[in-house]
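Chain A is the first sequence line, chain B the second, and so forth, proteins listed ahead of strands; every chain is numbered from 1. Here the structure is a predicted model, which is why all the values come from computation and not from measurement. Only heavy atoms go into these numbers, but all of them, side chains included; no hydrogens, no water, no symmetry mates.
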There are 2 protein chains.
Amino acid sequence: MGIIIRIMNDKPKITLSEVALAADVSPITVSRALRNPAKVSAEARARIERAIHELGYVPNPAARALASGRTDVIGVIIPSVSNNVFADVMRGIYEGLEGSSLGVQLGTTRYSPLTEEQLIRVFLSQRPAGLIVAGHDQSPAARALLGAAVCPVVQIMEVGPPPIDLSVGLSHFHGARAGVEHLLAQGYRAPAFLGAQMDPRSQRRLAGFRDGLAAAGLGGDPVVTTPEPSSVSLGCRLLADLLARRPQTDAVLCNNDDLAIGVLFEAQRRNIRVGPQLGICGFNDHEMMSAAEPALTSVATDRLSMGRQAVHMVRDRLTGAGAPRGHALDLGFRLMPRASTAREG
Amino acid sequence: MGIIIRIMNDKPKITLSEVALAADVSPITVSRALRNPAKVSAEARARIERAIHELGYVPNPAARALASGRTDVIGVIIPSVSNNVFADVMRGIYEGLEGSSLGVQLGTTRYSPLTEEQLIRVFLSQRPAGLIVAGHDQSPAARALLGAAVCPVVQIMEVGPPPIDLSVGLSHFHGARAGVEHLLAQGYRAPAFLGAQMDPRSQRRLAGFRDGLAAAGLGGDPVVTTPEPSSVSLGCRLLADLLARRPQTDAVLCNNDDLAIGVLFEAQRRNIRVGPQLGICGFNDHEMMSAAEPALTSVATDRLSMGRQAVHMVRDRLTGAGAPRGHALDLGFRLMPRASTAREG
DNA sequence: TTGACGAATGACAGCGCTGTCATTCATGCT
DNA sequence: AGCATGAATGACAGCGCTGTCATTCGTCAA
């Protein structure tokens, strides 16, 4: 069996030394031509490039990593891939990678701090080019690990306390507060909050909602949440719950757009006039919000740039020109008022 | 600078030999205990495990890869991460990975066959544990590379010609054909097709639509497509286009659910009664289709299992129990008739 | 002219692990 | 008792590349 495998593996696997031989230089020069072309004379470089092309040489990243003690991989640690928000962020991350030779290694914590800590430990042990982690609620041990990391560490999703190293995100608290303030400004008197998958970001949005209510002197705690993952049909159900419990509700701030769409459908089903009778405000401003009928108000966030910027923070550090430790980029949010929160219409 | 880095890197980086020392065995035995515990006596294994735990040893995958000529990484090659369908598939892939020590390396072709070929070449050169590629329209050179690969290769998304090695997917042609047949069976006389981002799968869905029309003796070519990426708002626009060009249209088969939702909203905006006046059928059956008002008919596909199954095909091969070369798994599809294609309602 | 200097290149060793083959030792059979 | 057998373990070398330091050579100021 060893023999069979050996034979099958015997396709022309070109090594650096073979390229060196063909280009009539030493292996180390080829290595340099690849890593740091400026340190190699133009003639040598030309010969090397030709040899690489002719032989179809592809570098072996494992050997590179072993010899140099570094990898060209950015570790990304998020709670879950089944969350639309993180899907958008991942998209941004992959976009940010374009034009670099970097790769990403993805780990999911499933909302467990212990798993997160283990992932951080494992990722760091592989000396990644950088680490991107979601949120800033890491366990003390995890924070210590990240603080001692020799690579750039970017905390994404939120702005808040000073970052361990770098961060890019937005204030979910203020985003939600802007949403509820908008509802109140539009004249709604009894707004409620609908939330699913109550991760730390959602919790802070809820806090922003409560803060906005309190600031307006409104009492009660008109909140319906569930730990279930968010979905459109869940939005339908949550609205049903809410109206059963608190019929006087005249507006809802949804933890995200999926729920808002669900609320819209459920309202249509019940012949509730969205806008005049029931205000709806989502969160994130997914593309479909503006296409809906009526168009749905939402708090726009830029998940795509979040991912992109995080990667670029790492890339900039790699080229030496990066932002200093402690730099936090606030991407902000933008309230997009639409027909779903217009009381006359 | 070398010194500084050296110092910073000097956190207790435990190697296999140190574990071996602590467990009073040779390094090779530790290696075996990790890779193939059955080959190590229970006592030795216990000591080794304790040492690993106490020292906090984390294996170095680069060294492992270099020494063994294999990696624990599955390469995944898809056209784009910005496509909802692939997002679902990726989710399935990550789910399929759970409980294994496998990782994934993702590459995107941006629908370029040349890029795809290069990616395949680069990925294969790293001796991945397996390769998952989207579709079966690879260039001849790419097919040759895949055919000669020493690792399992899974083509996902579609069933069709015999796979290079393994495949899991469904027939987009027949799925779309089932959709149009349903529309015709419901009594719609002038169905049209709306498509965006016309990748090979979309093309085959369109072919299925045309085939279904032809089989019913219906002529014309009521098709509106665009190469733009799909979105809800695009669905709105495409319906507007379609109605302008072909006012007699009484039903639409949408290339995917986003478009169908857009069509629904646009119809609502124009006070067209969805179902009686205009039938709508989507593709994929995203969760929101059943929550919509009216609920939307769709051709259900299981993107999640597709990803999961693909990974498991690789994993099974790794344990020796895998399906033989040529095995193709047809996940099928399921028409989900709902209110949006009920002519009386 | 001479020495100093920097650019270009090379020799060497080793990163941490595993494949291969060799060795040891207890077991069961004739 | 003697031998083959297989389980458990170990020695050795090397995977492909890069960090470090050394060497060569041409250039320029004194």
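- No hydrogens or angles considered: nothing links the side chains of Thr109(B) and Ser112(B) as a donor-acceptor pair under 3.5 Å.
- Side-chain polar atoms of Thr115(A) and Gln118(A) form no donor-acceptor pair below 3.5 angstrom.
- For Arg70(B), the listed nucleotide lying nearest its side chain is dG19(C); candidates were dC17(D), dG19(C), dC17(C).
- In this entry the distance linking CZ of Arg127(A) with C1' of dT18(D) reads 15 Å, nearest Å.
- Residues Leu331(A) and Val168(A) form a side-chain contact, since some pair of their non-hydrogen atoms from C-beta on lies under 4.5 Å apart.
- Residue Arg35(B) is classed as a sugar-phosphate contact, given heavy-atom separations below 4.0 Å to backbone atoms only.
- Counting only heavy atoms from C-beta on, Thr15(A) has its side chain closest to dG16(D) among dC17(C), dG16(D), dT20(C).
- Ala38(B) comes within 4.0 angstrom of sugar-phosphate atoms only, judged by non-hydrogen atoms across all strands, and of no base.
- Summarising the geometry, the separation between CZ on Arg32(A) and C1' on dC17(D) is reported as 13 Å, rounded to the nearest angstrom.
- Residue Pro59(B) is in sugar-phosphate contact alone, with no base atom involved, counting any heavy-atom pair closer than 4.0 Å across all strands shown.
- Rounding to whole angstrom units, CD1 of residue Ile14(B) and P of dC17(C) are separated by 11 Å.
- Listed nucleotides dA8(C), dT18(C), dC17(C) differ in distance to Ser41(A); the shortest reach to its side chain belongs to dA8(C).
- One interatomic measurement links the two molecules: CG of Leu66(A) to C1' of dG16(C), which rounds to 5 Å at whole-angstrom precision.
- In this structure, Tyr57(A) atom OH and dG16(D) atom C1' are separated by 8 Å, rounded to whole Å.
- With dT18(D), dT9(D), dG16(C) as the choices, the nucleotide that has an atom nearest any side-chain atom of Ser31(A) turns out to be dT18(D).
- For Ala44(A), taking side-chain heavy atoms from C-beta onward, the closest of the listed nucleotides dA11(D), dT9(C), dG10(C) is dT9(C).
- Rounded to an integer number of Å, the gap from Asn60(B) CG to dC15(D) P is 18 Å.
- A salt bridge is absent between Arg45(A) and Glu49(A); no separation between the charged side-chain nitrogens and carboxylate oxygens falls under 4.0 Å.
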